[in-house]
Student: 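Please find one structure pasted underneath; my questions will follow.
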Amino acid sequence: MKNVKNGPCLTRDLETQASVSTGFHNSLRQLILDLDASKTAYGTISVEDAGTRCLFVASLIKWAHLANYRLLDYLEKIGKGECDEVLTLNYAKLCNKDYWLNGRMKNDMMAYSDKPLKEYLELCNSDDTSMNLYQLYETNVCELADNLKKVENTFDQPQLYDSLMQQLKRQYADPFIEYEYAKIKESYIEPTLDDYLKMQVTACIELLHSGMLSDVLSISYKEIQKVDEEKLRSLLDPSCKVPANLKELWAKFMKLMVYKADVLLVPKREKIRIQVLKHFDHMNEDQFRALFRLDDLLQLIHQDMVKLKPELAKALNSTVNEQSVSNQQEPNEELFHFIHPSVDETEEWQIHNEVKRLVTRQSVQMICQYLLQMRKDNKTLLPPNPSAAYVELVRMGMPSGEGFTESTFRKYYSNK
């Protein structure tokens, strides 16, 4: 914004001033939650002193600037498949720029703008006014909303969180699941396909008792009525404890499962991961254990079903293939134009998706740095003309507005 000194004059002074009231946050999620709470608290403080209110805004700027810095680092790590924290937040609220723009704060800063900030803030030497302060706040929180939207979009690409899910499985998977499965089969002399179907349904009901996802999946009355409760109960082991709201829970659960060949009950793993990521902070250890127990148990059951009826392998493989290509590319999507000619066909779409994720989540400078590295790795063959590269990256999803103009792109672009 015009007249906002985001350099040695205003920002440095504000960082000195705001350091009094901002602490260190290990958790990025907690930093964002605290920023949100503090922004809301501004409207409740009773002190009318201009210096106090200006210092409050300076603190918010400090937090927002720090949050943006850490969000960019977070997005970079996610793009590499690294994740040490899942940001479970109210994205509908926090990605809305209007939510962050505080009317009272703006009016206050306008009222105090007849004097320079150095007359209000003891450690500030800036000649800027409180309106410059508010404009700097506005710039930072609008950038914050954009960055949070990029984070939210990653939840629809759960393959980016593979390393996290593998870590969770190592932590919570049952090491004795094969022994437990053998004990389950002991109650059947020679299990039939119907028996294995009963084992699957009973295992699923056990997961429902954990409460996992039951409070976050919406369901219609029509979907509940489609559940044949009598048939469902007939498939349960007599020792299985049945939830009172069985029809409702099963209708919700089947949004995350699919029947194959009438007897295979297969998890929609991509959809389950999306739900886990979006509600990660609300899940407990018992629910994670129940989730991985079910997944492992179903795989063991399916192996035995295939031994009994080998043609079921085709149905299982089709499910794996469907899930592995999900979120890869849209129908009739055009391949990225500048893939290196040495790349084989199996890797082309992986590079395409890598570029697609890159241009929708990073700054122009980071995009150009990654593209250069991809060129060095013989993944891409970049054109010497920046305009040609810019047009193609915009087609791939890169923004073209403020901060992403062609002139900005040219400053950082290199094909050497």
Side-chain angles (χ1 to χ4, degrees), residues 1 4-6 10-74 85-124 126 128-152 278-282:
M1 291 191 175
V4 176
K5 298 181 181 178
N6 195 6
L10 179 56
T11 305
R12 184 185 61 228
D13 289 339
L14 292 183
E15 288 184 353
T16 301
Q17 189 75 43
S19 63
V20 176
S21 52
T22 55
F24 178 77
H25 289 77
N26 286 317
S27 165
L28 174 55
R29 177 177 179 272
Q30 193 58 51
L31 170 61
I32 295 167
L33 291 175
D34 287 348
L35 173 60
D36 180 25
S38 297
K39 170 260 177 191
T40 303
Y42 182 89
T44 65
I45 57 175
S46 58
V47 179
E48 297 297 334
D49 175 67
T52 300
R53 288 189 173 272
C54 287
L55 178 58
F56 201 113
V57 177
S59 298
L60 293 177
I61 294 170
K62 174 74 172 180
W63 274 3
H65 178 75
L66 176 61
N68 281 319
Y69 175 82
R70 292 185 60 181
L71 280 169
L72 291 175
D73 182 63
Y74 179 87
E85 182 180 5
V86 177
L87 299 183
T88 307
L89 298 163
N90 184 345
Y91 288 96
K93 177 180 75 172
L94 299 179
C95 293
N96 182 358
K97 294 179 182 179
D98 289 337
Y99 169 76
W100 292 100
L101 302 181
N102 191 305
R104 177 176 177 182
M105 185 190 301
K106 184 176 182 179
N107 291 336
D108 287 345
M109 297 302 104
M110 190 178 296
Y112 306 146
S113 61
D114 58 331
K115 297 179 182 179
L117 284 172
K118 62 186 179 183
E119 294 197 23
Y120 295 124
L121 301 176
E122 182 181 349
L123 301 179
C124 183
S126 174
D128 289 280
T129 69
S130 52
M131 271 310 293
N132 296 124
L133 188 66
Y134 179 78
Q135 289 171 344
L136 189 55
Y137 165 81
E138 185 176 290
T139 299
N140 276 273
V141 294
C142 286
E143 182 183 348
L144 178 73
D146 289 337
N147 287 331
L148 287 171
K149 185 63 180 176
K150 293 175 184 177
V151 173
E152 183 186 24
K278 288 184 175 180
H279 306 283
F280 190 86
D281 196 56
H282 301 291

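Remember, predicted model here, so these are calculated numbers, not experimental data.
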Student: Using the test side chain to side chain donor-acceptor pair (under 3.5 Å), find all partners of Asp146 that sit at least two apart in sequence or belong to another chain.
Tutor: Lys97

Student: So, using side chain to side chain donor-acceptor pair (under 3.5 Å) as the criterion, who are the partners of Lys115 when residues are at least two apart?
Tutor: none

Student: Is there side-chain contact between Asn147 and Tyr74, with heavy atoms separated by less than 4.5 Å?
Tutor: no

Student: Can you tell me how far apart CG (Asp114) and CE (Met131) are? Round to the nearest 0.5 Å.
Tutor: 13.0 Å

Student: Within 45 degrees of the axis of the six-membered ring of Tyr99 and under 6.0 Å from its centre: does Lys39 put its NZ or CZ there?
Tutor: yes

Student: Pick from Asn107, Val57, Ile61, Leu101: which one makes a side-chain contact (heavy atoms from CB on, under 4.5 Å) with Tyr134?
Tutor: Leu101

Student: Whether the side chain of Ser130 engages the backbone of Ser113 through a donor-acceptor N/O pair (distance < 3.5 Å, no angle test) should be reported.
Tutor: yes

Student: Could you tell me which residues satisfy side chain to side chain donor-acceptor pair (under 3.5 Å) with Thr52, sequence neighbours excluded, listed by chain and number?
Tutor: Asp49

Student: Just by modelled atom types, is the Thr129 backbone N or O under 3.5 Å from a matching donor or acceptor in the Asn132 side chain?
Tutor: yes

Student: Do any N or O atoms from the side chain of Tyr137 and from the backbone of Trp100 form a donor-acceptor pair under 3.5 angstrom?
Tutor: yes

Student: Are the side chain of Asn140 and the backbone of Leu136 linked by a donor-acceptor contact shorter than 3.5 Å?
Tutor: yes

Student: What distance do Leu133 atom CG and Tyr112 atom OH have between them, rounded to the nearest 0.5 Å?
Tutor: 11.5 Å

Student: Measuring from atom CZ of Arg70 to atom CZ of Arg29, what distance do you get when rounded to the nearest 0.5 angstrom?
Tutor: 13.0 Å

Student: Would you check if Arg53 and Arg104 make a side-chain contact, meaning some heavy-atom pair closer than 4.5 Å?
Tutor: yes

Student: Within a radius of less than 6.0 Å around NZ of Lys150, do more than 12 heavy atoms belonging to other residues, nucleotides or ligands occur?
Tutor: yes

Student: Would the distance check show the side chain of Glu143 and the main-chain N or O of Asn68 forming a donor-acceptor pair, the cut-off being under 3.5 Å?
Tutor: no

Student: Give, for atom CG of Leu55 and atom NZ of Lys62, the distance between the pair rounded to the nearest 0.5 Å.
Tutor: 12.5 Å

Student: Can you tell me how far apart CG (Leu35) and CG (Leu66) are? Round to the nearest 0.5 Å.
Tutor: 9.5 Å

Student: Start with the C-alpha gap between Asn90 and Asp36, add the side-chain angles, then the distance that decides, and say whether side-chain contact (heavy atoms from CB on, under 4.5 Å) holds.
Tutor: CA-CA 11 Å; Asn90 184 345; Asp36 180 25; over 6 Å; no

Student: Between atom CG of Leu144 and atom CG of Leu71, what is the distance when rounded to the nearest 0.5 Å?
Tutor: 6.0 Å

